[in-house]
Amino acid sequence: MNAADVALARADWQPVVFAVRPRRLRLLELQPRWPLQTLRVSVLRNHAVEPALSLLDPFLAYAGFCADVSLSGYDDALNAPPRADADVHLVWLDASRYGGPQAGSAADALGGRLRELRGLLSGSILLVEAPRVGGAQGVNTVLRAAAERLPDVHLFPYELITAPLGDTAIEARSSAMGTFVSGEAAVLAAQHLGLLWIPALVRPRLKAVVVDLDHTLIGGVLGEDGVEGVVTAGGYAPVRDALLHLHGKGVLLTLVTKNDPVDVQCLFTEREELIELGRAFAAVEASWRDKAESVRAALLRLHIDLDSVVVIDDNPGEVASMASALRDPWFVVARDPELTACALTLHPGLLALRDDALGARRAADLRAAEHRAAELNRAADPVEYVRSLQLVAQLRMDARDDLTRMSELSRKTNQFNTALARLSETEVERYVSDPERRVVSIRLRDRLSDSGMIGVVFAHRQEDTAVIDEISVSCRALGRSVEGVLIEAAISRIAVDLGCPRVAVPFTPGRRNEPALAWLNTVADVRADGTYGYRLRRGDAGDAARCAAVDLRWEDEDVRPETA
Amino acid sequence: MCDQKLRERIARLVLVVLGEQRAPEPWDSLQQIEVVLAVEDEYGVSIAESEIANLRSVDDLAAYLEGARAAL
């Protein structure tokens with residue numbers, strides 16, 4: 001199948017998988033016609049979860065996965081040996097089995113076992129919140145604590161997801177059905193697990209939503225109906241709400257429309273209900289040119305790769321044409337505003353597993369980058385201009401509270417990434433705690449914006465060599481000519497800390513990481529084994545920082561064990 | 001005698017739900033739960049807890065649905 005066929009085949013599924021109440025039989029009738037990536041899912045449970053798991057396949061298939069599921073026996077203590085190579089471990093418990101006089105000690109034992117499992121397993125762990133039946137409060141307290149404190153352990157908010165069902169979320173015939181999860185609740189749980197939660201555990205989050213205007217964000221055609229004639233009420237209000245929610249969670253919103261740019265500007269300034277959304281757009285491309293070209297131009301401005309976006313358009317022909325030209329984005333055909341709103345809520349890749357405070361400031365950071373580029377163009381002395389930015393970099397060694405963001409950078413960065421290792425929180429945690437490993441996180445701010453954490457360097461000691469396992473730098477940090485200085489400072493400190501006179505940087509070529517290779521070629525020599533021998537400079541890394549006009553500050557917070 | 005069309009629709013439903021070329025009868029308890037949930041969803045009925053254990057074949061389900069229809 002070519003990209004257009006895949007986009008249209010997925011579009012045929014959208015009314016079924018994004019339905020408010022998906023129908024069991026319609027789901028089971030779906031047969032994917034696009035390539036699927038195998039995902040190993042291990043399920044630890046103490047009750048019958050088959051009514052939900054039997055529906056996972058169609059939702060995961062929409063997201064591009066084929067699940068290889070292994071189920072434990074019914075095991076309240078979770079003592080069954082889990083599948084060690086699973087990508088995702090799903091823990092789904094019937095809390096009523098932990099009630100009674102021993103409830104407290106049972107919950108304690110469960111908490112202890114979850115900590116053990118986290119230490120044993122490398123895959124992500126997803127804990128399903130228990131329905132509110134006997135024993136749920138104690139069990140859910142344990143599950144929440146594990147999700148808050150343990151790396152790469154997350155809580156699936158079952159109660160929130162099934163709340164629209166009211167009392168019917170609980171199976172009244174639990175003794176016959178083997179579970180408190182009702183049939184309707186099972187469908188919703190499978191929908192959210194398969195579309196949102198499981199994909200979010202194994203793939204980087206999408207960075208942007210590109211949305212069309214006519215018949216997608218508004219009813220009618222702006223060019224024909226005029227600013228006052230288009231429809232914004234009814235189903236279009238939830239579409240705006242869903243977009244603004246995503247904006248608040250750090251997803252960049254982009255408007256791409258074939259319309260007169262002046263009309264579009266008037267629409268978003270004169271229609272009061274659209275003003276907030278208009279301000280939320282990080283990029284607007286309103287013109288009569290080819291839509292694929294407009295999407296490409298908008299994403300170039302935002303430094304976003306095509307495979308990190310979902311494009312929403314009401315015209316299937318336009319979707320097919322864009323898919324042919326662009327290939328990589330996800331596409332949703334906006335058949336009606338209700339479906340569009342559901343797709344914006346449930347589309348794979350849009351869920352933020354943790355609060356993304358840094359992501360939420362991404363739009364402001366990008367505006368600052370455009371401002372910087374314009375100022376630099378006008379500057380008589382570019383070096384003096386960079387100095388005037390008052391750059392401040394903060395570097396931290398082995399900062400445990402940066403685990404989530406360090407993992408995100410490893411998983412999301414495509415261009416300046418030396419290894420494409422896609423490290424999970426659990427794997428990053430090992431760099432923080434292992435005395436033979438180091439990880440440095442780098443934050444950057446200037447007078448125009450605080451970019452937050454923009455880089456991370458992972459390393460381990462191998463005899464007398466510090467092996468740099470991965471360097472990831474966000475593209476938002478590039479363009480100020482300081483990334484080299486910051487990485488050098490991090491590597492120098494790691495080499496000293498590990499007591500290594502030599503530094504090696506293995507490089508894994510990918511589709512888009514030429515910028516990392518270009519940098520590597522300026523600072524390292526290729527060795528016979530294909531790795532790069534980094535030319536470690538003697539002396540004060542601060543000298544280079546002073547030359548690059550960046551105020552470089554180290555902050556060591558964690559005390560770690562002595563290196564063996 | 002069951003409505004033949006209803007029986008055929010249920011037989012097809014069972015094949016889709018159980019994902020097998022030929023649905024085994026009687027089903028095991030987990031298969032039965034999945035079939036019951038699909039029938040409830042498709043026909044908008046709620047099968048009483050006491051009835052679930054008796055519905056072990058396509059004919060059982062067809063007869064149950066005909067009875068439910070007649071009771072309306």
Side-chain angles (χ1 to χ4, degrees), chain A residues 16-17 19-32 43 45-58 60-61 66-67 69 71-74 92 94 162 165-191, chain B residues 2-69 71-72:
Chain A
V16 182
V17 297
V20 174
R21 295 275 197 282
R23 301 292 303 276
R24 191 169 276 268
L25 206 55
R26 300 292 93 71
L27 289 165
L28 293 173
E29 285 169 338
L30 297 172
Q31 296 293 326
V43 182
R45 47 78 180 264
N46 66 352
H47 65 129
V49 294
E50 285 83 351
L53 291 188
S54 62
L55 295 177
L56 258 188
D57 280 353
L60 280 175
C66 169
V69 177
L71 277 169
S72 76
Y74 294 177
W92 200 336
D94 171 356
T162 59
L165 299 175
D167 292 342
T168 60
I170 302 292
E171 176 58 71
R173 305 159 300 178
S174 58
S175 58
M177 305 299 265
T179 177
F180 282 103
V181 177
S182 72
E184 287 171 290
V187 177
L188 287 188
Q191 183 186 42
Chain B
C2 288
D3 177 335
Q4 190 58 28
K5 279 189 178 171
L6 176 64
R7 193 191 180 288
E8 283 170 12
R9 282 202 296 273
I10 294 171
R12 186 178 164 280
L13 175 149
V14 170
L15 284 177
V16 172
V17 171
L18 300 185
E20 295 171 28
Q21 287 300 307
R22 195 156 161 255
E25 290 180 353
W27 311 303
D28 68 30
S29 56
L30 288 172
Q31 289 173 323
Q32 189 181 15
I33 290 170
E34 290 182 38
V35 170
V36 164
L37 289 173
V39 166
E40 288 185 328
D41 187 34
E42 201 61 14
Y43 291 91
V45 295
S46 178
I47 299 173
E49 190 166 10
S50 57
E51 293 284 351
I52 291 172
N54 302 326
L55 305 176
R56 305 302 294 252
S57 68
V58 171
D59 285 336
D60 290 344
L61 283 166
Y64 176 85
L65 287 173
E66 280 196 327
R69 192 187 288 166
L72 286 176

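Chain identifiers are assigned alphabetically (A, B, ...) following the order of the sequence lines, protein sequences preceding nucleic acid strands; residue numbering begins at 1 within each chain.
In this structure, no portion of A:T179 lies under 4.5 Å from any heavy atom of chain B. In this structure, no portion of B:Q32 lies under 4.5 Å from any heavy atom of chain A. Contact annotation for B:L13: both backbone and side-chain heavy atoms come within less than 4.5 Å of a heavy atom of chain A. Neither the backbone nor the side chain of A:R21 has a heavy atom closer than 4.5 Å to any heavy atom of chain B. In this structure, the portions of B:A38 lying under 4.5 Å from any heavy atom of chain A include both its backbone and its side chain.
Distance check, rounded to the nearest 0.5 Å: CD of B:E34 to CG of A:L53 gives 9.0 Å. In this structure, the separation between CD on B:E40 and CZ on A:R24 is 9.5 Å, given to the nearest 0.5 Å. Between the CD atom in A:E50 and the OG atom in B:S29 there is a gap of 8.5 Å [rounded to 0.5 Å]. Distance check: A:R173 CZ to B:I52 CD1 gives 4.5 Å after rounding to the nearest 0.5 Å.
Heavy atoms only, all atoms of each residue included: A:A176 and B:I33 are closest at O-CD1, 4.1 Å.
Only one option out of B:V17, B:D41, B:V39, B:L37 pairs with A:L25 in a side chain to side chain contact (heavy atoms under 4.5 Å, CB included); it is B:V17.
Among A:G178, A:A186, A:S54, the residue with the largest count of heavy-atom pairs under 4.5 Å with chain B is A:S54.
Annotation: A:D167, atom CG; neighbour count of heavy atoms from other residues, nucleotides and ligands within 6.0 Å does not exceed 12.
At a threshold of 4.5 Å between non-hydrogen side-chain atoms, the residues B:E42 and A:R23 count as touching.
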